[in-house]
Amino acid sequence: MDGQNQYVVRLNDVHKSYALGKTEVLALQGVSFDILKGDFISIAGPSGSGKTTVLNLIGCVDTATSGSVTILGQRTDSLGDEKLTALRHKGIGFIFQTFNLIPVLNIRENVELPALLDGSDLDMPKNERQEWVDHLIESVGLADRMKHKPAELSGGQRQRIAIARALVMRPPIVLADEPTANLDSATGESILALMKRMNREFGTTFIFSTHDQGIVDIADHVIRLKDGKIVENYRAEEKASS
Amino acid sequence: MILFRMAYGNLFLHKAKSVLLGTIMCLGIAVLFVGNSLIDTAIGGLKKMFVEGYTGDVMVTGPTSFPTTIFGETAGGEEVLPHIAAFSSYSERLSADRNVAATLPMLSGQVAMGLGEQVIGQGSAFGVDIADYRNFFSGNISLVKGQWPSGGDQAWIIISEMSAQMLSKVAGKNIGAGEKIVLSALGDTAGTVIREVEVAGVVKFNQSSQELARISLVDADTMRDLLGFASLRDGQIVLTEKQAEFVEAFDPEALFGDEAGADVIADPEKEGIVLEGSGFVDPFLSAVEAKDAAAVPGEGALAAPPEPAWQFILIRLGSGANATRFMDGLKAFAAGLDQGAHVQDWVAGAGTVARTAVTIRLVFDLMVSIVAVIVIMITMNVLVVSISERVPEIGTLRALGAKKRFIRRMILLETSFLAIIAGLAGVFLGYLALMVLRRSGIEAPNLFFEAIFAGKKLVPSISAGAALQAFLWIFGMSILSSLYPIAIALRIRPVVAMQGE
């Protein structure tokens, strides 16, 4: 991989505005940053600072008003719905604040779900896929709950399953939108530790948003937003050395 | 497989929606199944009765733009249905057609029956060759009294048991085999023609209704005379000695002279001679003309004998023949002949009863269509509400990489599952209802329904076809109902997944 391809995410002078009634809200105002492959990145800032908007743009679930967003070498503004869906499917894993597990599927099926969408199961032999799913569930410590439904799990357990699901397609990027917001602090810490371990184990780039200063410190790279603008953008080792 | 799991699981997760829609579908299928079975049984019974006993599957009639019943009633109001001019062309065409199992030429009209000066009854009479008729409707007619007329017999009538009873009651004496009665035509076009016929026998129509049980069969030439086709008889006229004398003495020239005919024909009607009415020639006049033609050497020999008049050709199709396709072919043939002959099915030939039954079916179908629209609206609304409740779930699936076709298939599968489960329940419910109805039967409340039911009681048949039809109808409606909710679901953007549940 050459130096250019080390970046899995590049935002260049991105603006995002949307209408709220008759008012135009400027969610992002000229945001630019790059994210290196394999990093553990925190998008920090108070509520309304634009964290989720940034994650939406990186996750290809929303589009910028102006500027360019490049994910895994592809400019998202030039892609149609089908290609954006394919990019999300193969390239990006999602961990949602509210877990968003499918209630009618059991834990194993929930984790396996992305690998079964639209014939993607053909990419991997069934046995190999199931071993991988089992491995992920074991990795998040819920091997004994495989046949349970999401409603039978605690919040922390559900988020662990969401992490396993986010990794099942072996995506280069995993996005986590305030993954600890709905959890108590101890569980939140364990979830972040798990994400960090997965980041190291699989070399996956984790990008998570948080407004909790306490958990920002475990990131390799911190991007701090306020009122839609970057107010801080540093790598942990640079800050430590300074 | 995951789609099946999700679709199946969602049915139970959203119980209220599933129960509401399932109940609507289940009841819809049950009502359709029972309704279709009742109507199919009634129409099937009518069809069997008419096709096997009175009309055949398809018929060619004389020139008319309107459906014509075998009783000679035309929707166009013609008093007498014209004969089929190109009869031999049809005979040739039909005998070469492998779809045709049998044909029967026929005449039909309304006649009054009298005993001397006393009118004792009236009704429909079919002019037929009795051997052909018995052959064509072999399963429907059986001789009760008397004997079948033979080819050489002249001027006969066969009456039904019911007619015999009614005529006897009015006449005050037994009207049966060997009795001579007078027939007179009721049509204006032909004028009043009177013929004396002998009752050859009394028959029973095995499948019949109040109307059909009173049909009489008359020899074809007598019927031609009564209908005004006397010049188009099949056989030679055999005159009595008195008639022969009259013809010998008859001078047509004198008829139009001053006071002419006054001495010759004191009462033309009484003599059975009609001198007015377009196209009508009395058999006596025909005989005169034939005699005159024969008197001129060469003329009689040059004129080809006219084809005997027939108003109908009833056609029985072979098993496996497609009636619609056959009729289309025959209509094209008729159009090519350009004689104005009309091709129609048994329903048109059967008249009011069959048309009423078919109309009831149309009304039922119309009601079903109206109900269908209502059911579609309800189902659509419930599904739209359901989709709006599942926006985060659908958004999550889209965010995880589900393409639009996955969402479409998921909702279609859910609806299909529900339709299949509710459908099976509906078919079972309908089956139970039909079993109850079969046990007791539905009594015809009056003669009208007796005709529609083709009997005094309607015992519905249970057919897999009716069940399948109801099932497919509801299934189709369900799929149709889900199209708009699917369109809404496909508009859900993956970004909603990020906005929380």
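None of the values given here were measured: they were computed from a predicted structure. The figures here come from the full heavy-atom set of this structure, side chains too, leaving out hydrogens, waters and symmetry mates. Labels below follow one simple rule: chain letters A, B, ... track the order of the sequence lines, proteins then strands, and each chain is numbered from 1.
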Whether [Y] and [X] form a salt bridge (side-chain N of Lys/Arg under 4.0 Å from carboxylate O of Asp/Glu) is what I want to check.
X	Y	answer
E414(B)	R390(B)	yes
R398(B)	D81(A)	yes
D177(A)	K51(A)	no
D227(A)	K229(A)	no

Inset, instruction - Determine whether more than 12 heavy atoms belonging to other residues, nucleotides or ligands lie under 6.0 Å from atom NE2 of H211(A). - result: no
Inset, instruction - Go through the atoms of L397(B) and report whether side chain, backbone, both or neither lie under 4.5 Å from a heavy atom of chain A. - result: both
Legend entry - Options L84(A), V104(A), L105(A), ranked by heavy-atom pairs under 4.5 Å with chain B, top entry: V104(A)
Inset, instruction - Considering only heavy atoms, give the residues of residues 362-377 of chain B separated from chain A by less than 4.5 Å, sorted numerically, with 'none' for an empty result. - result: none
Inset, instruction - Could you list the residues that satisfy side chain to side chain contact (heavy atoms under 4.5 Å, CB included) with L432(B), not counting sequence neighbours? - result: F428(B)
Inset, instruction - Verify the ring-centre separation between F208(A) and F206(A): is it less than 6.0 angstrom? - result: no
Inset, instruction - Check each atom of D62(A) against the heavy atoms of chain B and say whether the ones under 4.5 Å are side chain, backbone, both or neither. - result: both
